[in-house]
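All values derive from a computational prediction rather than experimental measurement.
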Amino acid sequence: RVHGDTSLLMTSTSADSKTDAMAPLDRAMRFIERAQEPQTEKTFDSVLSGVRVLSVDEDAQTVTFGCVVVPEMSNHFGSVHGGWAASATDVLTTVAMVALFPGVHPGVSTDISVTYLAP
């Protein structure tokens with residue numbers, strides 16, 4: 001289980017009205033689908049490979065993600081690599097912001113803190 005805090009600088013310029021009109025779960029799923037398209041599979045967004053949106057709770061302002069850990073995400077101990085966990089925390093908090101707040105578009109993370117627990 002990974003817990004991370006990020007402070008995001010968000011901008012609302014060039015709104016995509018089609019995406020903004022979608023339900024929160026659909027916005028989150030679309031963001032991840034775009035990152036998994038063939039032209040982006042060799043970019044840094046490939047950290048989202050295999051990640052799925054499990055639920056969006058607007059009242060609690062939470063988005064739950066899941067994935068199966070594959071060798072590309074692992075360290076030599078066979079557990080999730082800390083770098084992957086930090087990168088996933090960075091990208092997935094952006095997905096959560098896009099899902100929960102229509103009109104908010106990805107920005108720049110200014111601070112990320114990840115606490116690692118022993119497996």
ask   = When you check the side-chain N and O atoms of S109 and D90, is any donor under 3.5 Å from an acceptor?
value = yes
side-chain contact (heavy atoms from CB on, under 4.5 Å) between S79 and N75, intermediate numbers included = CA-CA 6 Å; S79 60; N75 58 28; 3.3 Å; yes
query = Is V70 linked to V51 within one hydrophobic cluster, defined over Ile, Leu, Val, Met, Phe, Trp and Tyr using a side-chain heavy-atom separation of less than 4.5 Å?
reply = yes
task = For side-chain contact (heavy atoms from CB on, under 4.5 Å), just list the numbers for S74 and V80, CA-CA rounded to whole Å, side-chain angles, deciding distance to a tenth of an Å, and then say yes or no.
result = CA-CA 4 Å; S74 304; V80 172; over 6 Å; no
task = Locate the shortest heavy-atom distance separating A28 from A99; write the atom from each residue and the value.
result = CB-CB, 3.6 Å
message = side-chain contact (heavy atoms from CB on, under 4.5 Å), that's the test. Do I32 and L92 meet it? Break it down for me.
response = CA-CA 9 Å; I32 289 177; L92 293 174; 4.3 Å; yes
ask   = For the atom pair CE (M97) and CZ (R27), what is the distance rounded to the nearest 0.5 Å?
value = 11.5 Å
note = Interatomic distance, CG@D57 vs CG@L25, rounded to 0.5 Å, equals 11.5 Å
ask   = Are V95 and F65 close enough, and set up right, to give a side-chain contact (heavy atoms from CB on, under 4.5 Å), and what steps lead you there?
value = CA-CA 10 Å; V95 175; F65 303 94; 3.7 Å; yes
message = Could you see if Y116 belongs to whatever hydrophobic cluster contains I112? Use Ile, Leu, Val, Met, Phe, Trp, Tyr and a side-chain cutoff under 4.5 Å.
response = yes
CD on E33 to CG on D26, rounded to 0.5 Å = 9.0 Å
task = Treating Ile, Leu, Val, Met, Phe, Trp and Tyr as nodes and any side-chain heavy-atom pair under 4.5 angstrom as an edge, say whether W84 and V69 lie in one connected cluster.
result = yes
key: Separation between NE2 of H81 and CE of M73, rounded to the nearest 0.5 Å   = 13.0 Å
remark   = Closest non-hydrogen atoms of G50 and C67, given as atom of the first, atom of the second and distance, are O-CB, 3.4 Å
